[in-house]
Structure formats: structure tokens, C-alpha cells
Amino acid sequence: MRIPCPFCGLRDSSEFVTIGEASMSRPPADAPEAQIFDYVYLRDNPAGVNQELWYHAQGCRSWLKVARDTRTHEIESAVLARGGAQ
Amino acid sequence: MTNSQRLSSGGLIDRGKPLSFRFDGKTYRGFAGDTLASALLANGVKLVGRSFKYHRPRGIFTTGAEEPNALITLRSGARREPNTKATTVELYGGLEATSQNCWPSLDFDLQAVNQLFAPLFVGGFYYKTFMWPAAFWEKVYEPLIRRAAGLGAASGLPDPDRYEHATAYCDVLIIGAGPAGLSAALAAGRAGARVILCEEDFRLGGRLLADHYQIDGETGTQWAEQAEAELTALPEVRIFRRTSVFGVYDGGVYGALERVADHLPQPPVHQPRQRVWQIVARRAITAMGALERPIVFGGNDRPGVMLASALRAYVNRFAVAPGRVALFTTTDDGWKTAEDLIRAEIPIEIVIDPRANVAEWLMKPIARAGTRILLDAVVTDTKGGRSLQAIEVLKSGSKLTFDVDTLAVSGGFNPQIGLSTHLGGRPRWSDEIGAFVPGELPSGMAVAGAAAGQYKLAECLAKGAACGAVAATDLGFSASAQPAPRVADEAIEVKPLWHVAQSRHKAFVDLQNDVTSKDVEIAHREGFRAVEHLKRYTTLGMATDQGKTSNINGHALMADLVGRAVAEVGTTRTRPPHVPIAIGALAGPHVGAHFKPTRYPAGHEWALANGASMVDAGQWHRPRWFTKPGEKDWLESVTREAKTVRAAVGVCDVSTLGKIDIQGRDAGIFLDRVYVNMFSSLAVGKARYGLMLREDGFVLDDGTTARLASDHYVMSTTTGNAAKVMQHLEFCHQVHWPELDVAMVSVTEQWTQYAVAGPKARVLLQNLLGDALDLSNEAFPYMACVEFTWANVPMRLFRLSFSGELAYEIAVPADYGEALLRELMRAGASLGVAPYGTEALGVLRIEKGHVSVGELNGQTTAADLGLGRMLSTKKDFIGRVLARRPALTDPERPTLAGFKPVDSAQRLRSGAHFVPLGITPSVENGEGYMTSVAFSPHVGSWIGLGLIKRGPARIGERVRAYDPVRGGDVEVEICSPVFVDPEGARLHV
């Protein structure tokens, strides 16, 4: 699988590390524990396009939000997780 | 015996280059251009191996990687390569091959008696026969079966050859250089696309080399040669010969194996034996052709029975002259074999075709040559000992016998669909050609020629060129239309005949695994009817040929039995690799010391020169201890080193700890959020111990972070977690808080750092630095840090202690690392300084109750480690909320404590489990476990750190440290984890 890194171009997936779904953001400090539990443990695992977080560990060290189809491994997009200019 | 079965002219062998080779100890002669298989056939060698289960004599059956029978062991010694297909071995001078799976010899195999016990070996026999007693499996049955039913043996010696990995990029990858592949390559290459053309064979052309074709008035071979010449001249075209594409992966990535030196006795200097390519292709065209399938009839495995297209290739390409030939064909293509034999003046006795009607123009030239033709007839059985002697034919109810030594069989063709299914695509059944063709294709892939069921040469050339042009045009190249080459029309009709029901003898479906038509019936009877179940129950389609000649026949037989169409029954899923790949090739250069990177700290050479024994710490080599002359064992060295630190001064390389440079206006706020304790309030010029949690509330890592300037911190991590912490920090910044003005970079390798520890540490540094720094306790107290320059070298000094003694860590850019080490040792010489390694470091930290790898094991909370009070209540931080969950704050959780053996002579071991005294040890009775142990010179006995239920509340209590694996069972006393200087007075002198 090859991932289009906004900085490095199309690179082999072996250069990256993934931690899975990127759909939720970290709840605020005063969020109830249940919401934080969901954030830490619960994942949708869809059959279809999934927003995932990938880290270009052997490249530019950027965390990317990658839209990947879990059925075909096709990658629709990869953008910087930090936002800003792509 | 030399080339008794060789035609006097013709073929693509070089008669000017004879090559001598050995098979089973006998010397033979072949020619350049031969394969081992063709050379053996030309020398009249028909029997080349014994079958897997029944040890039946077997001969050469095909010409390629689909070969089920002719598995031989190639080479000898450390280069011995078992289970090699004789059909894919390019002949070289001095080649050495042996038959396998026979004892005492190929001609006389004692285990051929297995045939008499055939009923024992039917489908599912492994599962049924040796069920009881269970204990017999490992010790008795399995070794017995493995000896009886086996393949070749590995050498057991280290492989002397090298294997490479390489990556290539192209616009269009073309797999297979037959007529379709060559046409595709020409079309895409002429358009200017970057083309890679992979061909398994050592010569380009595919069936053009094996059949008599005329293309634009030239022979197929000439046309292939011209195509090759043109492709070679195109600057953007690369041709990979002897290269098998074995897998299709996501995103247009293809795996290919190039046999760089397999056709040589041994690889030339600096050349690998094989090279695994990762080919990244924007488009791919598979043009791998089709494989002929046999017909299932009695004794269809006897040496001399061969696929018709293979026999034709041996005659046309390799100039092999078979003896008395019969042809059993249910395809029009099979008749070409008869035609070509007659052209080569090889007598063909009889053609048997089960079809009632065959085109007159196909039969006419055969009949004219005096060959007998039987239509609406079948071969039921064969006769012979170690090779074929006669066939039995059934025609209109009467049985006829013909004396022949070669039987060519043509049952139809199966397109090579393997690669098209690697990403999950399902093949589709075509009634027209009676075979599966590729269904939905991986993105970017097209299929051309016989691989797509296009069997006529005209179609192969046209579709190949069209696919090549489309691929190039898709990618923005302009392909110009070329006139289609002129070729004669061909007959390609086929009427599948899966099984000759009238056969009396064993009719083999899978020659490699000795699966017969009866085995398929048994699988059906016993309910293993789905094709994937059939495969597992009978082993149909397993092993080195992956059922390339057998799968479809087996599946069709099952379809018959269940009364459904082959299309409905389907076929088994194929996965990479398409052809067998040596594990050594996949490992490539990553073997031995090259398995992972090796990192050496700057002081490595010095340490080696001073008696260091090394240990792997993550990727690093670290000194474990330094042996002085006269020291008997490691414990003596480690004890001396630890004592030296407590009494004088020692120097330890701590460069391998992770170092992360963190800068920015918000660096302090950032650290507050990733550490459980405060760092924004840390004064410039000070360091603080920090603890990090994961978001789930467990401890991630610990270390000391120093503030060098208001916007500049330098963090240390444990050696093993350096990369993980770096990734975590980047995650926290980029994903959680991108608005913070902070940046970080790993500087682990840029800075070399030494711990200088012991009551004389200050004197040592004063000796070294002179007046450069005021090191008095008042000016530079515990936890102070400073950046300064000494002898024009930038330095950092931290007053940190892992040992509990007066101690410093001094850092310099790594280029000065070894020089600094030498200076430190010189400055400490009069003080009795000693270098110390990781073992003494461990002793010193265990004596002080500091946690390390054993305790930071991913399952401990801050409270478990006695660090619960560090969790700030004034701010949010990673892991704050979930660390408060009831199970993580349960007072019954095992908590850090110290341990001493009651009998001080006894040794402790980490990993021992704590159980109460006087109770039978059991999992339920477990109260925790020992995490770290050391022999403490200070205490005078072994001591340990461990996690035990309510540890701090139980000081003075005795429990058992139970270690049944290593026979340990020691009564220990729970004590404070701090064995040395509990007040910490030594830190502040």
C-alpha cells in the first residue's frame, strides 16, 4: 500500500505507523469520564472509507489523516492532522 | 548414454556449446539452451522422481513452473536446494542434481510398497487413521509419516549466497513475454512509456518458441527476436529475464523474484543469487498465458505421460525426440502436437479424441502420415513398470491396446488467473473455453492473450498491443496505431473431459500430492464438498505447484458429484506467492547482524579496549560490565563497579537514553500536558523527574527533563522507549494541540552523555574543568543544569543521580564523546575512578528503589510504583481521567516494595511470584511478582524490587518468592524499596 504524504509524496506504507481511526478528537478536560472512555476505546471499524491516523515515522514525522477504504485499501486522501496549508 | 533421444537438427539449443551435468551420480551431456528437464529427456531419462505418498515412479510432465512431478534436489553441500522443478532449471556446465523421496534408489524404491497400502492413504487419512492415542502423534506417527511421505531435505547449513532487495518504478509493468506480452511492451514502449517486461524464462517468446507460427512471413522465433531487439533499443524499456512476478499488492505494487545467478554454478563475485523486486507500476498487463490441463484416467501418472503442449515444446524448442507416441486429446490444440511430430519425422502411432466430430482439415494431414485416428474413444488405463509401455483404449465398447512409450495428453487450457485474484478478485467461468478467466481485476491491471482466454495468436498479438496502447494513452503518452501482424487462423475448440469413468486403475487428479479421483469421491461422501474443504481434506492443489495442473480437474470432478456446474462450485482462492520463493530471498540482506540497525555510542571502541562485555539495549550496544584482570566472573566485576561508585567515583555511558530537544514559546505548557507533574513552573537552569501516562491511565515512560532557557527544554526517555515517546509527543502536538508554539526533535545520537557518580564525582569534574564552573553545592545544587563551553566545546552539565550518590551527567556533541570519556578517566585516575556498565547501573538503582524497564512494563500505574502523589490536580494531562478509574486505584493492586531473602545466602530471581507462606502456590494465591533483582554489595545479599498487594503496608511481613520454572522457592521479607540512604542525604552534599 502506498500513502500520499503531503510533504514526501507517494511513499510505501512500511514507512508509516498507524494507530487506527481518527474520527474522534480528544475530549476537553471537563468532559465526563464516559466520553473519555469512548474516545480511548471505542472504534466504529466501518466496512468502507475510514478516517485513520498515520505517522510518517521514517519520513517527515507528520501525523496524517488518511481516508482509506477498508475493503479495497484504496486511499482517497491524506492530509496533515494538524491542519493548515496542505 | 548421450543424447540418444535428440533430433539431429532444429530447436533453440546451441549444439556448439555442449554442457556436461550429473543426475543421480551419472554423467550426461546437454546443450546451452536446454533446461535440466529437456536435457534429461534427450538422454532418455524418463524416471526422475518418486511420488509423495505412494512412491510411484514419475517422469517429466510439463515444461514450466506448473510441474508437479519432476522435483529434484539441485546442487550439493550448503547450496543444496531441494524440491526444485527440473523444468525450470536452466542447464549449466557441471550441474549436479539428485532425485528425492526414494530409498534406497530411484530405480528400486522400497517404499513403493505404500501402493499396496493405498487404502490407508486416501483422502483425510491423516485425520482418521492416527487419532489415538494422542500422545503418539508427536513421537511416533508424525516422524513416520514425514519419513515416508516427503519431499527433499534442506542442507541444514548456512546459505553461503547473498540475496538482495530492490525497488523499481515504471509506467507499465508487463508480466510475461509471449506474443501478447511482447506486443504490449512494443505498443507501450513505442509510445514512450517507462516499461518493465518480466519473463520467467531465460529467453523471450513464450509459446512462440515452442510452436510453429508464421507472423508476417517470419517464424514466431524470428518475430520474438526482432521484438526483443527493438525493445532493447528503446531507452525507457527494461527487460527482466528469469524473473517471476509472484504477488500483487495494494496500490500498484508487485513482487518479483529475479534469479540472478541460479543458472550458474555459483553467483559471480559481488552478485546475489536472487533479487526480490518491489515494482511500483502505474499500470500492469498480465500476459502469463494459459496452462494445459491433463485428463484424469487410470495410470495417467506413469513416466512417459506428458501434456501435449509440453511434448510439442520439447520437440520444437529443445529438439527432443520421443519414441513411439500416442496422443489423447479433447482439444483442437492437441492435434497441433501430432502435426509438429510428423513435421519432425517422429512417428505418431495413434490419436485418440473423445469427441465424435473433429474438423476435417485438422485430421487430414495426420491421417495422410499414416497415423491411426480414433474418434469417440478414450484412454482408460496405462501399462508399464518404471515407464510407459502400453495404453488401453476403449472404442465403441471394445478394448484396444497400443504399445507406446510416450502419451501426450490435452484436456484443455486454464488461463493463468493467479495474479488477477491476489487482491480478492473472483474469477469467472467461461463455457466457451471451458475454463476460469479473470473476473474483476485489481485497479490498474489489464489481462491480455491466453491469460484472458484469448487463445488464437492473432488475438494475442492484437489484444496485447491494444492493452499496451491503452495503458500508455491512459498515462498521457500518445500511442500510434500499428498494422496488425498477419497470422494464420487456428482451431481452438475444446470439449472438456474431466474424468474417464471407465478407468480401472488409480486415476490421478493431483500428481504432486497423489490425490486420485477416488479421494475426491471420499471427500464428497464425507461432506467435504466445498472446494476449499476439498483442498484441505485431500491436499488437492497444495505444495510447490499449487495445483496449477490439478485444481480445475478436481473441482470439476466435485461439481459432477454434487450435480452442479463448475461455475457454481467455483475454484479455490490463490494467494501470493504465485511460484515458490525461498525464505532467504524474502529475508534478503536482513540476516544475522543486519537483521536490524546496530547503534554504537561514541565510547564503544574505548569500552571494548577496556574489557567491556556488551549487551543489546534496544538497537544499542552498551557495555554491560568491564572485566579487570584477575576477575573470575561477571558478578565480581559488577560488584566491584557498584562498590567503586558508592565509595569513590564511576563513569557510565548514558548516551543511549532518548534525548528530545523541545523548543517554543509554549514548550512548558506542552510538557504540563504530557507529564503528570508540572514543568512550566520549573526554573531555568533546573531539571525535574517527570512521569508520562498513556491516555488509558497506565505509565508510558519516565525521565528527567531540564529547562535550559525559558523556551528550551531537553527531555530524557528510557533507552527502549525513545522512539515511542517521540511518536507520542508528535501525536500530542500535531493531533491534539497544533495551536501550541512548540517543536521537538530527537537528539539522542547528536549528544553523548556520561554519568559521573560517587562521593568523589565533584572532585573529578573540578579536576577536569578547573575554574570553568563553580561546582559547589550552593552554586550548583542537586537538580541544577547549565550549558557552557569548555575547550571550545559546547557542553551541558546536569546534577542528576540514578545511583543515589553525589552525581552529575555531562554531555557533549557526539563527535567529542570518546575524547570526553578519555578526559574523564584521566581526571579521575588519582581518585580510583572506574567505568561501570548496565549491570552495576542496575544494582545501584535497585538499591535506591528507582523504577526501570521491569517496573515500567505497560501494566503499572503511577500509584503502583509509589509515584501516585506526582499526579497534579491543578491541570489536565494525558491519562488523568482514566487513571482515576476504580480498578486502577484499587488499594489491593500490587504495589512497589523491596524484598530481601530471609536466608541471606539465597539468590533471588525476577519473575518469581509472591505467595503467602504455608499455602499451596496457585494462580489464585498469587499476590504479585518480582520485577528486578540484584546482588547488593551494600546490603550483602541479593535484593529485589517487586509488585505485591498492598506492598508498603506489609513491610516486615514474609512471603514466598516462588519460581517453579527455574526451581526457585525462596522465603523473602518485604521491606522498603530504598535500601541505601533513605533520607537522600548523599544527593545533597
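- B:Val172 is not listed as a side-chain neighbour of B:Arg194, based on a closest heavy-atom distance of 4.5 Å or more.
- Residue contact with chain A, scored on non-hydrogen atoms closer than 4.5 Å, involves the side chain of B:Arg880 exclusively.
- Considering only heavy-atom pairs separated by less than 4.5 Å from chain A, the leading option among B:Met726, B:Gln734, B:Glu695 is B:Gln734.
- The greatest number of non-hydrogen atom pairs below 4.5 Å with chain A, out of B:Val253, B:Thr167, B:Leu882, is found for B:Leu882.
- Between chain B and the options A:His73, A:Arg61, A:Lys65, heavy-atom pairs under 4.5 Å are most frequent for A:Arg61.
- Within the 4.5 angstrom heavy-atom criterion, no atom of B:Leu423 approaches chain A.
- Side-chain N/O atoms of B:Trp737 and B:Glu739 include no donor and acceptor closer than 3.5 Å.
- When side chains are defined from C-beta on, B:Leu173 counts as touching B:Ile175, because their heavy atoms get closer than 4.5 Å.
- Proximity to chain A (any heavy atom under 4.5 Å) is restricted, for B:Ser443, to the side chain, taken from C-beta onward.
- Going from atom CD1 of B:Ile660 over to atom OG1 of B:Thr748 covers 6.5 Å, rounded to the nearest 0.5 Å.
- Most heavy-atom pairs under 4.5 Å with chain A, from the set B:Gln278, B:His736, B:Lys875: that is B:His736.
- With contacts defined as side-chain heavy-atom distances shorter than 4.5 Å, the pair A:Asp12/B:Tyr249 does not qualify.
- Side-chain rings of A:Phe16 and A:His56 approach one another, their centers coming within less than 6.0 Å.
- Heavy atoms closer than 4.5 Å to chain B are found nowhere in A:Ile3, neither backbone nor side chain.
- Looking at A:Leu10, there are no atoms closer than 4.5 Å to chain B (heavy atoms on both sides), in backbone or side chain.
- With a 4.5 Å cut-off on side-chain heavy atoms, B:Lys659 and B:Glu749 do not count as touching.
- In this structure, the portions of A:Ser62 lying under 4.5 Å from any heavy atom of chain B include both its backbone and its side chain.
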